[in-house]
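All ligand and atom numbering here is 1-based and tracks the order in the structure. Below, each value reflects all heavy atoms present in this structure, side chains not excepted, and no hydrogens, waters or symmetry copies.
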Amino acid sequence: MQKWVLRTQASNNCAAACGHGHTVCVTGAGGFIASWLVKLLLEKGYTVRGTVRNPDDDEKNAHLRSLDGAAEQLTLVRADLLDMESLAAAFRGCQGVFHAASPVTDDPEKMIEPAVEGTKNVIHAAADVGGVRRVVFTSSIGTVYMGSHHAPGAEVDETCWSDLDYCRNTKNWYCYAKTVAEQVAWELAEQRQLDLVVVNPSLVLGPLLQPSVNASSCHILKYLDGSVKTYADAVQAYVHVRDVRDAWVYEEPSACGQYLCAGHVLHRGEVCRILAKMFPEYPVPTECKGGAGETKKGCRFSSRRLAELGVGVAPASLCLHDTVNSLQVKGLLPRRTTAVADPPVIS
Ligand SMILES: NC(=O)c1ccc[n+]([C@@H]2O[C@H](COP(=O)([O-])OP(=O)(O)OC[C@H]3O[C@@H](n4cnc5c(N)ncnc54)[C@H](OP(=O)(O)O)[C@@H]3O)[C@@H](O)[C@H]2O)c1
């Protein structure tokens, strides 16, 4: 299918619609990535409406309410992805919509419907209310690389789609749901003449603003808290949460289509070795599961589209360092006594 729609005329006004005096909505505002987005948007002077499922949960929302500018510029509104009316109410009067809400799980019962129907609802609601100039959808690199059609080491870019049969057969319901959701988003945006831009991050790490551990931070926590004794023969690309450029693609008039935000690809063994070097006080696994060694080689993710626009990504070592440091500061990972080394630089 066609990978992106051309920008509509309305999007050309986007740069003029940035910051002070403009209202934008962020779905799933309390999540890991969205919390950083809300923080940045407030710093830029936007009036922000954040959707949460329970605005009365003071503990869960405290990190949002305590952001600089939140008292004056942030409103939390109740919305569920499966309730289109609640989304439309949240989007009314907004010039921009950032769609970041989604379950992050491999449980098909919990994942598929909110990701796919929820994204449909977001696009329809944004089109129905009128006045929304651009929708920025936080998708995933899981929509482009999953499948056996990419040879190890091959470069994957924004022209690729993941193989849905492969996702189904391997029960990778997260990638399946995100791929279907993104395909549906492009189809509906074209039908509804809505300006859609998609950001596709790899696994996102960095400091947490929210009070609890999200799935991608848990991916690192498990190597430090003793809950796993080995690492998988698998590879992954990592990107820093500050390098997920949703706000940037919203403001950039020429932004269109998809932007892979993939960072560096590391084998799990390499991740563990970096963690062990930086944080030798934790029981980081030293052996690869299965005994066959580190055989897996991943794709290479093109960051050409972002790079052409002058956007770079932080080294993976910094992603790991900032995640662990934040887990410690928040008391989600008990501190141990040995001093922490400076992060080694991985290019
Ligand atoms: N973190 C990563 O490594 C990564 C990588 C690539 C792409 N992404 C994508 O980035 C987005 C944000 O991920 P994240 O890591 O920040 O996730 P997260 O911390 O788990 O946050 C997900 C948010 O979605 C909300 N949500 C879930 N189901 C919902 C529903 N039915 N209605 C309304 N809100 C709902 C959650 O609200 P509650 O708090 O009420 O549960 C939460 O605020 C997702 O679309 C994810 O697929 C993440």
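Within 6.0 Å of NZ on Lys110 lie no more than 12 heavy atoms contributed by other residues, nucleotides or ligands.
To the nearest 0.5 Å, atom CZ of residue Arg134 and atom CD of residue Glu251 are 10.0 Å apart. Here Leu208 contributes atom CG and Asn214 contributes atom CG; the two are 5.5 Å apart, rounded to the nearest 0.5 Å. A distance of 3.0 Å separates NE2 of His63 from OG of Ser35, quoted to the nearest 0.5 Å. Note that CD1 of Ile274 is 11.0 Å distant from CG of Leu318, once rounded to the nearest 0.5 Å. Between the CG atom of Leu320 and the CE atom of Met278 there is a distance of 5.0 Å, given to the nearest 0.5 Å.
Using a non-hydrogen distance threshold of 4.0 Å, Ala100 registers as a contact of ligand 1. At least one heavy atom of Ser202 lies less than 4.0 angstrom from ligand 1. Remark: distances from the non-hydrogen atoms of Thr138 to ligand 1 include one below 4.0 Å. A heavy-atom separation below 4.0 Å is not found between Gly118 and ligand 1. By the 4.0 Å heavy-atom criterion, Leu203 is counted among the residues contacting ligand 1.
Closest protein heavy atom to atom 6 (C) of ligand 1: Pro201 O, 3.3 Å. Here the protein heavy atom with the shortest distance to atom 21 (O) of ligand 1 is Gly31 CA, 3.3 Å. Here the protein heavy atom with the shortest distance to atom 47 (O) of ligand 1 is Tyr174 OH, 2.6 Å. Protein heavy atom nearest atom 34 (N) of ligand 1, with residue, atom name and distance: Ala101 CB, 3.6 Å. Atom 17 (O) of ligand 1 has its closest protein heavy atom at Val104 CG2, 3.6 Å. When hydrogens are left out, the protein atom nearest atom 16 (O) of ligand 1 is Ile33 N, 2.8 Å; that is the closest non-hydrogen contact. The protein atom (non-hydrogen) at minimum distance from atom 1 (N) of ligand 1 is Ser216 OG, 3.0 Å. The protein heavy atom nearest to atom 22 (C) of ligand 1 is Ser102 O, 3.4 Å.
Within ligand 1, the atoms closer than 4.0 Å to a non-hydrogen atom of Lys60 are 38 (P), 39 (O), 40 (O), 41 (O), numbered from 1 in the order shown. Counting atoms of ligand 1 from 1 in the listed order, those under 4.0 Å from a heavy atom of Asn214 are 15 (O), 19 (O). Below 4.0 Å from some heavy atom of Val204 lie the following atoms of ligand 1, by number and element: 1 (N), 2 (C), 3 (O), 4 (C), 5 (C). Close contacts of ligand 1 with Gly28, meaning ligand atoms under 4.0 Å from a residue heavy atom, involve 43 (O). Near Ser139, meaning under 4.0 Å from any of its heavy atoms, are these atoms of ligand 1: 6 (C), 7 (C), 8 (N), 9 (C).
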Exercise. Would Leu81 and Val122 satisfy side-chain contact (heavy atoms from CB on, under 4.5 Å), going step by step from the backbone distance to the final call?
Worked result: CA-CA 7 Å; Leu81 289 172; Val122 165; 3.9 Å; yes
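When atom types are taken as modelled, the side chain of Glu158 and the backbone of Leu260 share a donor-acceptor pair closer than 3.5 angstrom. Looking at Tyr259, its side chain does come within 3.5 Å of a backbone N or O of Cys256 through a donor-acceptor pair.
Considering only residues two or more places apart in sequence or on other chains, Arg92 meets the salt bridge (Lys or Arg N to Asp or Glu O under 4.0 Å) condition with none of them.
Side chains of Trp161 and Glu182 form a contact here, defined as non-hydrogen atoms less than 4.5 Å apart. Val271 is not listed as a side-chain neighbour of Tyr231, based on a closest heavy-atom distance of 4.5 Å or more.
Under 4.0 Å from ligand 1, not a single heavy atom of Gln210 appears.
At under 3.5 Å, a nitrogen or oxygen of Leu81, whether backbone or side chain, sits near a nitrogen or oxygen of ligand 1. Below 3.5 Å of separation, one finds no N or O of Pro114 facing any N or O of ligand 1.
The pair Glu252-Arg305 fails the salt-bridge criterion, with no side-chain N (NZ, NE, NH1 or NH2) lying under 4.0 Å from an Asp/Glu carboxylate O.
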